[in-house]
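Residue numbering restarts at 1 for every chain, and letters A, B, ... go by the order of the sequence lines. These figures come from a predicted structure and were not determined experimentally.
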There are 2 protein chains.
Amino acid sequence: MVPIVESAKAQAQETILQSDLCANLSSENLETLLTIAQMRTLGANREILAQGGVADAVYLPINGYQLVERSGSDGRRQVLAFLQCGDYLGISAGQSFLYSAYTLTPSTILRFPASRFFQLVEELPILKDNLGRISSQILLRVIDHLFAIGQKRAHARLAFLLWQLWQRLPEARYPQRELELPMRRADIGDYLGLTLETTSRAFSRLRSEGVIATRQGNQVEILDMEALRRLAEVD
Amino acid sequence: MVPIVESAKAQAQETILQSDLCANLSSENLETLLTIAQMRTLGANREILAQGGVADAVYLPINGYQLVERSGSDGRRQVLAFLQCGDYLGISAGQSFLYSAYTLTPSTILRFPASRFFQLVEELPILKDNLGRISSQILLRVIDHLFAIGQKRAHARLAFLLWQLWQRLPEARYPQRELELPMRRADIGDYLGLTLETTSRAFSRLRSEGVIATRQGNQVEILDMEALRRLAEVD
DNA sequence: CGCAACATTGAGAGCCATCAAGCAAAGTGG
DNA sequence: CCACTTTGCTTGATGGCTCTCAATGTTGCG
């Protein structure tokens, strides 16, 4: 019997291989990166990192779903991103994080202490390039997000999110039209700048227009891909 | 008499010295950077780069004000940023730009052809670090922007913009409470996800609440800095 | 001076937030 | 196994904020 730690490590290696962070890294460098990683297993709705906390580590989820949010002093919050395995978490400009991150579902997450991680970044140009690429991708994603919130109405914003989630499905599952939504309506609302009620009405509208169908367990089937794409207005 | 080109070059060097892009660069490296620069002088409301165009250059304004926008297929647009001298322009993830940029006022802009610029970036680690820092700063700014649009009401969004602009004044002018707004109400509206009329009403509201006063020539005086900061909800 | 561009203000409509109720699914304890 | 609770989703009614359409006022320029 393989020890749990070893099988988890194997899964980590498997996932990490396909992550943007580790693209093009030699297996030797990958091994080095894994030696500085700590593995954390968290239940649902646990804090990964806290807004205002010292940015002393970066993270890489290897399974489960997570959420990144920015909260204001009056309790309002803006959900910045929904994460899944292989997504880099830990961008910071200064000493501290300007957002919080939580698990949506039970998750296993690799934690890299900042000091050793960024030392490694300096030693491995490929890793540095990957970080730059990730940073650009995140920026472009946030710009899409900004455009959606600033210029679209409720149902089109939801279409935007569904399109985003669909496009991020693993390629093997790409022809598939089923989506799993591990987040609650309130999370989606705070992502789209809407209340949970308006979000629910947006689901109802897309349903009644025949764009999507919803099933048990927060499963969404995309019925009219072209209509969804047109509403989301991305290519 | 110094030739115009030379005096402009001197101004370029002066400005460039204080830009984030060129921070910590030796004067020798600065000189190298300037040798690959082309200087462009544009009138107001001219296109600097076009959404969808080939990302074959990056830019650095050395005077004037500029605007970056993302436009959708239905004509709606999201203003992404207001630029001024020393601001880096040219982030791209793929082959083409995903936004357009225009001059708001007559501007002089340095243009760096991408091939030679990024070759230089590879040769100068300091330049590469600066680019990374700029990228992070832009990301954080966009996140603030997202939070404002997603979670604030019209007058608070305007307060957010005014606060942003005030904070970006050169330090020498920092105690000053006067702001110049080179953009139109429609530009501000598209930046904040509002119509120009609602933007105008937001100005009126901040005026009537004694937070700001407006003068001729789109000058704004901040009367109640604390109220502005509280509305903008940033620190 | 007169025109053009931009800003302001008003009236009414529409979309979304708020408050509230009802419903469905999952978990809990007797 | 089944009340009971909890949690989350949906739907309805109402009010408020913003958009749209429109008119007026202001500034700047030829």
Phosphate OP1/OP2 of D:dT11: any A:Ser200 side-chain N/O under 4.0 Å
no
Whole-Å distance separating the CD atom of A:Gln216 from the C1' atom of C:dA24:
9 Å
B:Arg153 vs D:dG16: side-chain N/O to OP1/OP2 distance below 4.0 Å
no
Atom CG of A:Asn218 and atom C1' of D:dT10 are separated, to the nearest Å, by 13 Å
With a 4.0 Å limit, can you tell me whether A:Thr198 has a side-chain N or O closer than that to the phosphate oxygens OP1/OP2 of C:dC16?
no
Please state whether the base of D:dT20 and the side chain of B:Arg201 form at least one donor-acceptor pair under 3.5 Å?
yes
Let me know the distance between CZ of B:Arg205 and P of D:dG16, rounded to the nearest Å.
14 Å
Is a donor-acceptor contact shorter than 3.5 angstrom present between the side chain of A:Glu197 and the base of C:dC19?
yes
Using a cut-off of strictly less than 4.0 Å, decide whether A:Arg185 has a side-chain nitrogen or oxygen near OP1 or OP2 of D:dT10.
yes
With no hydrogens and no angle check, do the side chains of B:Thr198 and B:Arg201 hold a donor and an acceptor under 3.5 Å apart?
no
I'd like to know whether the aromatic ring centres of A:Phe82 and A:Tyr191 sit less than 6.0 Å apart in this structure.
yes
Under 4.0 angstrom between B:Thr195 side-chain N/O and D:dT20 OP1 or OP2:
no
Without decimals, in angstroms, what is the distance between B:Leu181 CG and C:dC6 C1'?
14 Å
Would you mind reading off the distance between B:Leu158 atom CG and D:dT18 atom C1', rounded to a whole angstrom?
15 Å
Using atom CZ of B:Arg157 as one end and atom P of D:dC17 as the other, report the distance to the nearest whole Å.
13 Å
Cation-pi between A:Arg46 and A:Tyr102: NZ/CZ under 6.0 Å from ring centre and within 45° of the ring axis?
no
